[in-house]
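Take a look at the structure below.
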Amino acid sequence: MTDKMITFRETCNILFSQEESYGSQRQAAQDLFSLLAGIIGYDDNQPQQEQAKDCFLPSGKAISLQGAARCLWEFARTSRFLQGVEAAVRAAQQRFPGERIRLLEAGCGPFALLALPLAIKFQSSEVGFTLLDIHPHSLEAAKTIVTALGLQDYVNDYVQADATAWICPDPLRPHVMVSETMQNALKKEPQVAITRNLAPQLLPGGIFLPEKVRVDFCFLYWITNEGEVPFQRTQPVATLYELRLDNPHDPLQGQFTLPNPLPENIRPGLCTHIQVFGDCCLEENQCSLTLPLRVKGLELQAGGTIHHEYIMGEVPGFVLTPG
Ligand SMILES: C[S@@+](CC[C@H](N)C(=O)[O-])C[C@H]1O[C@@H](n2cnc3c(N)ncnc32)[C@H](O)[C@@H]1O
């Protein structure tokens, strides 16, 4: 085994584990970043122009190679997603006995981070990956990593395409799909549009990750304590939307009633909960995707109605208006 593969194996093992400490997962994410960035010749302090360029699609922002590479630093996110993907592939093996599991990573970025680490858990006869991204530089980088680590047998295909419109050839329909193309409160990036396009293309009985993303409306309040200003939130007032495999076409709008009286000193906010797979979840504040998001400019009236709508478009996100 090469030195690169030894480091890959050791760092990924730590990220897959549920037992490792915060510190060791953080270190593993940094070491894995150094390894993979070194392989593709990426310098985070001096990225080339095309590596730092986001791409703006009709369905939202596809972040640059740089942005996608940096996702690895969010080690709690990376770790939970890896644990979820491993569990999903094991579940797919139960559901499709004897079949080689086809896994699509939609939005693989330069490191194909939610697919390639599975190579330390499964044989290439058990699982094969389709790596898809809109950014040609990211896809090229993923290919370089696959070759450098000798993982060619695991890869079925590289696809440069918009995941919100891509149609999978029928004989290659995946057993498992994973896409992490989101920010908190499903803003800016195209997770909803990607899920709506891809989830129906799974094999019947297939698994889409994350399994559920729920966005709740809640009240945020600030606590001032010796100069620190942490904030907390109340129990959710209403669930605005739950993105799931079995409801990708549910309505994106609705309304709810505010309590009467309103609690004091609060601000409206959106909270995000991600169920990656089974009991593998990202709870509030565990990573940037689950940070509460303040809703600015919304006037609250005790007992009043709030209309909400999730807008799919160049800048996806929730719009809330009093009604
Ligand atoms: C947040 S990064 C995730 C990278 C990697 N999957 C991970 O989890 O570390 C999202 C990736 O999705 C890609 N992406 C976003 N929208 C896309 C779209 N509509 N079609 C294809 N790729 C897209 C971006 O280019 C970026 O590489």
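Whatever order the structure lists ligands and atoms in, that order sets their numbers, starting from 1. Residue numbers count from 1 along this sequence.
Using a 4.0 Å cut-off between heavy atoms, Ser179 makes no contact with ligand 1 at all. Both the backbone and the side chain of Asp162 come within 4.0 Å of ligand 1, counting heavy atoms alone. When non-hydrogen atoms are compared, ligand 1 lies under 4.0 Å from the backbone of Cys108 (N, CA, C, O) but not from its side chain.
Among all protein heavy atoms, the one lying closest to atom 8 (O) of ligand 1 is Arg77 NH1, 2.8 Å. Protein heavy atom closest to atom 23 (C) of ligand 1, with residue, atom name and distance, is Ile134 CG2, 3.8 Å. Here the heavy atom of the protein found nearest to atom 11 (C) of ligand 1 is Gly107 O, 3.5 Å.
Partners of Glu242 under the salt bridge (charged side-chain N to carboxylate O under 4.0 Å, His left out) rule, at least two apart in sequence or in another chain, are Arg244.
A salt bridge does not link Glu126 with Arg100: none of the charged nitrogens is closer than 4.0 Å to a carboxylate oxygen.
For the pair Leu132 and ligand 1, a heavy-atom separation below 4.0 Å is found. Note on ligand 1: Met182 sits outside its first shell, no heavy atom being nearer than 4.0 Å. Residue contact annotation: Ala161 has a non-hydrogen atom under 4.0 Å from ligand 1. Note on ligand 1: Asp133 sits in its first shell, one or more heavy atoms being nearer than 4.0 Å.
The shortest heavy-atom contact between Phe81 and Pro210 is CE2-CD, 4.1 Å.
The ring of Phe33 has its center closer than 6.0 angstrom to the ring center of Phe111. Ring centroids of Phe75 and Tyr22 are separated by less than 6.0 Å, placing the two rings close together.
In the candidate list Lys61, Glu105, Gln160, Glu105 is nearest to atom 6 (N) of ligand 1, counting heavy atoms.
Among His308, Glu309, His307, the one residue that satisfies the side-chain hydrogen bond (donor to acceptor under 3.5 Å, both in side chains) test with Gln255 is His307.
The backbone N or O of Glu283 lies less than 3.5 Å from a partner atom in the side chain of Thr290, making a donor-acceptor pair.
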